[in-house]
Amino acid sequence: MFHREKLLKNRLTVLMQESSERLDYLKDLNFTFEKPKNEDHGDLSSNIAMVLSKQLKRNPRSIAEEIISNLNLDSNIISKVAIAGPGFINFHFAHNYLSEGIKTIFEKRGDYGKSKKFFGKRANVEFVSANPTGPLTVGHGRNAVCGDTIANLLEWIGYEVDREYYFNNAGRQMRVLGDSVRLRYLELLGEQIDFPQDYYQGEYIREIAKDILKESGSVYKEESAEGIFKDRAESEIFKDIEKTLERLNIKHKIFFNENTLYEDGKIDEVLSIFKNRGLSYEKEGATWLKLSEMGNQQDKVIVKSTGEPTYRLPDIAYHITKYERNYDLIIDLFGSDHNATYPDVMAALGALGYDLEKMKVLIHQFVTISQDGEIVKMSTRKANYITLDELSDEVGADVVRYFFNMRGISTHMNFDLNLAKKHSDENPVFYLQYAHARICSIVRTVKEENLSVNLENLDLLQSNEEVTLLKKLNHFEDEVLYSAENFETNRITSYLEELAAHFHKFYTFSRILGTEKRLAEARLALAEATKIVIANGLTILGVSAPEKM
RNA sequence: GCGCCCGUAGCUCAAUCGGAUAGAGCAACAGCCUUCUAAGCUGUAGGUUAGUGGUUCGAUUCCACUCGGGCGUACCA
């Protein structure tokens with residue numbers, strides 16, 4: 001059973017085309033079906049009659065009637081067709097067809113919802129990519145969680161995914177970092193130092209200096225910032241970053257160091273390609289990229305007059321390596337503070353002939369943190385931030401993951417810390433987990449009553465609550481596919497919330513114990529199927545599915 | 001100034017390729033546990049979708065302008 005809805009849509013399209021032999025105006029039309037928001041309007045709906053109405057200068061309802069009377073419907077699949085509103089044609093599925101879905105869930109279990117549409121394709125998802133200058137903040141959390149979840153989604157639709165972290169341990173930022181540690185070290189040795197305001201103010205810098213002092217004493221008194229101080233800071237901070245991510249179940253496969261682009265000559269190679277193709281020129285001692293000829297606003301510097309490249313050149317070279325590594329899909333996820341940088345990179349890649357269709361740049365908006373009614377401005381430099389670790393400590397990994405996943409990435413998100421701490425029990429993640437734990441508990445209880453899942457009598461599931469739940473379960477695979485193709489993690493969270501709500505209603509009105517055995521076992525099948533789907537959905541989100549709460 | 005993003009219920013947010021009566025959660029109010037987990041369920045109340053115009057059978061969605069907010073706009077990354 002693969003893309004049920006799509007199969008059905010195809011089947012309906014064929015039906016429509018068949019009837020077009022009898023109705024001329026249906027020829028050469030592109031039929032679209034959609035799932036109505038309101039359940040009363042059926043399972044699939046077409047607006048075809050309204051589209052035709054203008055063209056034929058006829059009442060849409062009468063066109064709809066004519067179309068319906070010319071359809072050859074299979075009553076095993078479609079139980080009812082109706083005209084509604086201004087001229088929608090609504091199709092209702094047969095119960096048989098709906099309950100087939102439960103059987104599929106039991107066949108596939110932990111794999112239910114996966115599809116093979118992109119089987120054999122490879123994707124690279126680059127996310128987090130924070131330079132190792134300090135702990136990850138809450139702002140990075142959104143990037144980390146969404147990136148990892150998008151990678152999960154892609155895996156569910158068949159991609160083989162590499163999670164990648166790009167960093168730079170060479171630039172000015174890192175020199176300042178090393179020097180910050182050096183000064184703190186000298187300070188600990190009792191020297192009078194003047195710690196510059198634009199250096200890294202965080203307490204972690206002192207900790208690193210302390211460690212160095214403890215291990216090696218004062219031997220590094222004359223050492224430069226770029227030696228042990230920078231190296232030590234980098235490795236300590238990176239270790240912490242990985243630990244922070246691990247707490248949220250995030251693990252990158254590839255850590256790509258910008259420096260390797262210099263070492264293996266990639267930067268020079270790209271630079272000479274630009275030169276040879278006349279895409280760059282020299283002016284005032286610097287090398288400029290002709291972005292204005294590539295469709296962008298203005299030319300930009302790629303090599304400064306000092307001979308040092310700007311960030312654009314390594315960024316372009318880096319993305320070329322992604323193309324050379326033969327990915328079918330290349331995803332960059334970063335915060336809106338980078339929104340000015342990617343058009344240059346894209347334009348350059350396009351000018352070099354790379355297929356931009358393969359590359360998707362996803363930009364998430366900032367997370368504003370408010371505490372005690374005030375907005376907290378965050379800066380790593382000024383050590384004025386709330387770390388991702390602190391957030392995980394406060395509300396737990398499940399809540400952190402769920403919270404960041406439940407909003408579309410283009411929305412500006414507000415995180416009220418007081419609320420998150422105080423009302424953490426009211427977070428919707430518990431609503432889902434509770435539904436899962438509840439089903440587990442049912443399963444434990446009914447086992448003692450000698451009831452077991454039975455798929456023979458699913459036609460007994462006829463109540464509103466049962467049918468609604470059944471339909472919702474059937475949509476999962478399509479939801480995953482849609483969410484993955486559109487990189488929308490929040491669709492999964494809202495789907496699961498609706499699914500859990502349907503289940504809780506079913507639980508309230510359709511008891512299993514004390515019911516006639518055949519019906520009880522059919523209901524148990526429905527409950528267990530729901531458990532599987534909730535667990536699978538939570539797995540995609542990276543949230544745990546507890547057996548007990 | 002220019003570019004990207006956003007503006008929907010008191011608060012935080014949904015709403016499929018433009019679809020039918022704009023939906024949830026929280027907060028508020030009124031109910032439901034002597035049978036499977038009350039972290040649940042049922043009901044009430046809450047809206048000029050920032051504003052104005054346009055496109056059309058039909059607009060929260062597309063277009064233009066206005067207002068308000070965020071992030072950018074370097075020979076920093």
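Hydrogens, waters and symmetry mates are skipped; everything else that's a heavy atom, side chains included, is used. Chain letters run A, B, ... following the sequence lines, proteins first, then strands; residues in each count from 1.
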B/A38 OP1/OP2 closer than 4.0 Å to side-chain N/O of A/Tyr507: yes
So what does A/Glu258 hit on the nucleic acid, given a heavy-atom distance under 4.0 Å: a base, only sugar-phosphate, or nothing? sugar-phosphate
Quick one: sort the A/Phe167 and A/Tyr165 rings into parallel, tilted or perpendicular, breaks at 30° and 60°. perpendicular
Can you measure A/Asn168 atom CG to B/C76 atom P for me and round it to whole angstrom units? 14 Å
Choose from B/A77, B/C36, B/G40 the nucleotide whose nearest atom is closest to any side-chain atom of A/Thr508. B/G40
Is any side-chain nitrogen or oxygen of A/Ser336 closer than 4.0 Å to OP1 or OP2 of B/C71? no
Over all strands shown, is A/Gly408 touching base, sugar-phosphate only, or nothing at heavy-atom distances under 4.0 angstrom? sugar-phosphate
Between the side chains of A/Glu448 and A/Thr445, does any donor sit under 3.5 Å from an acceptor? no
Tell me whether the side-chain N or O atoms of A/Gln173 pair up with the base of B/C76 as donor and acceptor below 3.5 Å, since no angle test is needed here. no
Applying the Watson-Crick and G-U wobble criteria at under 3.5 Å, what pairs with B/U16? Answer none if nothing qualifies. none
Out of B/C41, B/U37, B/A20, whichever nucleotide has its closest atom nearest the side chain of A/Lys505: B/C41
Cation-pi geometry met for A/Arg511 and A/Phe509 (6.0 Å, 45°): no
Considering only the C1' atoms, how many Å lie between B/A15 and B/G23, rounded to the nearest integer? 7 Å
Without decimals, in angstroms, what is the distance between A/Leu44 CG and B/U16 P? 16 Å
Could you tell me whether A/Ala437 contacts a base, only the sugar-phosphate backbone, or nothing, with contacts defined as non-hydrogen atoms closer than 4.0 Å? base
Applying the Watson-Crick and G-U wobble criteria at under 3.5 Å, what pairs with B/C71? Answer none if nothing qualifies. B/G3
Span that lies between the P atom of B/U66 and that of B/C29, in whole angstrom: 45 Å
Given B/C75, B/C36, B/C13, identify the nucleotide with an atom nearest to the side chain of A/Met413. B/C13
Within the 4.0 Å heavy-atom criterion, would you say A/Asp315 contacts the bases, only the backbone, or no part of the nucleic acid? nothing
With the stacking rule set at 5.5 Å and 30°, tell me whether A/His41 counts as stacking on B/A20. yes
Within the pair A/Ser410 and B/C6, is there a side-chain N or O less than 4.0 Å away from OP1 or OP2? yes
Decide yes or no, distance alone: a donor-acceptor N/O pair under 3.5 angstrom between the base of B/C75 and the side-chain of A/Thr310. no
Quickly work out the A/Leu289 CG to B/C75 C1' distance and round it to whole Å. 14 Å
B/C65: syn or anti, with syn meaning chi within 90° of zero? anti
How many whole angstroms separate atom CZ of A/Arg407 from atom C1' of B/C13? 4 Å
Need one value for A/Pro36: base, sugar-phosphate or nothing, where a base atom within 4.0 Å counts as base even if backbone is also close, heavy atoms only. base
Distance, P atom - from B/G10 to B/C62, rounded to whole angstrom: 24 Å
Would A/Phe88 count as stacked on B/G19 if the rule is ring centres under 5.5 Å and plane angle under 30°? no
Confirm from the modelled atom types if A/Asp337 and B/G72 form a donor-acceptor pair under 3.5 Å, side chain to base only. no
Watson-Crick or G-U counterpart of B/C65, or none if no pair lies under 3.5 Å: B/G51
Is there a donor and acceptor pair, one atom on the side chain of A/Ser45 and one on the base of B/A20, closer than 3.5 Å? yes
Using the P atom as the reference point in each nucleotide, state the distance between B/C13 and B/A22 in Å, no decimals. 23 Å
With heavy atoms under 4.0 Å as the rule, sort A/Ser510 into base, sugar-phosphate or nothing. base
Look at the side-chain N and O atoms of A/Tyr431 and state whether any lies under 4.0 Å from the OP1 or OP2 oxygen of B/C41. yes
Please name the nucleotide paired to B/A22 by Watson-Crick or G-U wobble geometry with both distances under 3.5 Å, or report none. none
Could you tell me whether the side chains of A/Asn90 and A/Ser45 share a donor-acceptor contact shorter than 3.5 Å? yes
Is it the case that the side chains of A/Asp344 and A/Asn296 hold a donor-acceptor pair, with the cut-off being a distance below 3.5 Å and no angle test? yes
For A/Glu357, I'd like to know if atom CD has over 12 heavy atoms of other residues, nucleotides or ligands within 6.0 Å. no
Integer angstrom distance from the P of B/U48 to that of B/U60: 13 Å
Quick one: A/Met50 CE to B/A59 P, roughly how many Å, whole number? 11 Å
Is any side-chain nitrogen or oxygen of A/Arg312 closer than 4.0 Å to OP1 or OP2 of B/C75? no
Just name whichever nucleotide pairs with B/G58, Watson-Crick or G-U, keeping both distances under 3.5 Å, else none. none
Classify A/Glu449 by what it touches in the nucleic acid, base, sugar-phosphate, or nothing, heavy-atom distance under 4.0 Å. nothing
Taking only the side-chain heavy atoms of A/Arg438 (C-beta and beyond), determine which of B/A20, B/U37, B/U42 contains the nearest atom. B/U37
Counting the atoms with a prime plus P, OP1 and OP2 as sugar-phosphate, which does A/Thr341 contact under 4.0 Å by heavy atoms, base, sugar-phosphate, or nothing? base
What interatomic distance, in whole Å, is found between P of B/G7 and the corresponding atom of B/G46? 24 Å
What's the base orientation of B/C33: syn (chi within 90° of 0) or anti? syn
Please determine, for B/C76, whether a Watson-Crick or G-U wobble partner exists with both distances under 3.5 Å, and give it or none. none
Look at the side-chain N and O atoms of A/Tyr318 and state whether any lies under 4.0 Å from the OP1 or OP2 oxygen of B/A77. no
Rounding to an integer number of angstrom, what distance separates B/U42 and B/G47 when you compare their C1' atoms? 24 Å
Please report whether the ring centroid of A/Phe255 lies less than 6.0 Å from that of A/Tyr166. no
Would you please confirm or rule out a distance under 4.0 Å between OP1 or OP2 of B/A74 and any side-chain N or O of A/Lys300? no
How close do A/Ala233 and A/Val181 get, counting heavy atoms only, and between which atoms? CB-CG2, 3.9 Å
Rounded to whole Å, please give me the gap between CZ in A/Arg523 and C1' in B/U35. 14 Å
Roughly, in whole Å, what's the span from CG in A/Asn339 to P in B/G3? 12 Å
Counterpart base for B/C29, defined by Watson-Crick or G-U wobble contacts under 3.5 Å: B/G43
Within 6.0 angstrom of A/Lys80 NZ, more than 12 heavy atoms from elsewhere: no
Measuring from the side chain of A/Leu513 (C-beta onward, heavy atoms only), which nucleotide among B/G40, B/A20, B/C36 has the closest atom? B/C36
Using the side-chain heavy atoms of A/His412, tell me which of these nucleotides is nearest: B/C36, B/G69, B/C75. B/G69
Closest nucleotide of RNA chain B for A/Gly514 versus for A/Asn490: which of these residues is on the 5' side? A/Asn490
Whole-Å distance separating the NE2 atom of A/His504 from the C1' atom of B/A24: 14 Å
By nearest heavy atom, map A/Arg491 and A/Phe366 onto RNA chain B; which one lands nearer the 5' end? A/Arg491
When the P atoms of B/C2 and B/A64 are considered, how many whole Å apart are they? 14 Å
Validation row, ring centre A/Tyr495 to ring centre A/Phe476 under 6.0 Å: yes
